[in-house]
Amino acid sequence: MQTSSAISAVNAVYIYVPLALTAVSLIFIYMYKLDKEYDNIIKDLDERKLKQ
């Protein structure tokens, strides 16, 4: 028999903490701008190669 606080702690560790970390990860993935800037980065790198 486990106490209710022990069960709550297990629920928090195995359900709520991963859920919160997943939400934070999704927010960072959404804010990641590299995919939008990729074409400009490649264009700039190609221009630098031509200048050398």
Side-chain angles (χ1 to χ4, degrees):
M1 227 28 173
Q2 298 294 327
T3 63
S4 64
S5 63
I7 293 172
S8 296
V10 169
N11 282 336
V13 169
Y14 285 102
I15 296 173
Y16 301 119
V17 172
L19 185 63
L21 292 176
T22 301
V24 169
S25 297
L26 289 174
I27 290 168
F28 281 121
I29 289 170
Y30 179 73
M31 292 171 39
Y32 194 64
K33 295 181 184 180
L34 185 59
D35 291 333
K36 296 173 186 171
E37 297 177 8
Y38 180 76
D39 293 331
N40 290 334
I41 292 170
I42 295 300
K43 186 176 85 174
D44 289 343
L45 289 173
D46 287 341
E47 288 175 2
R48 287 183 192 175
K49 282 182 186 177
L50 292 175
K51 287 181 182 179
Q52 290 180 356

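Residues: numbered from 1 along the sequence shown.
Surrounding CD of Gln2 are at most 12 heavy atoms belonging to other residues, nucleotides or ligands under 6.0 Å away.
Under a hydrophobic clustering in which Ile, Leu, Val, Met, Phe, Trp and Tyr are joined whenever their side-chain heavy atoms come within less than 4.5 Å, directly or via other members, Leu21 and Val24 fall into different clusters. Tracing side-chain contacts under 4.5 Å through hydrophobic residues (I, L, V, M, F, W, Y), one reaches Ile41 starting from Tyr32; they form part of the same cluster.
For the residue pair Pro18 and Ala12, the shortest heavy atom distance occurs at CD-O, 4.3 Å.
Here the CG atom belonging to Asn40 is positioned 11.0 Å from the CG atom belonging to Leu45, to the nearest 0.5 angstrom.
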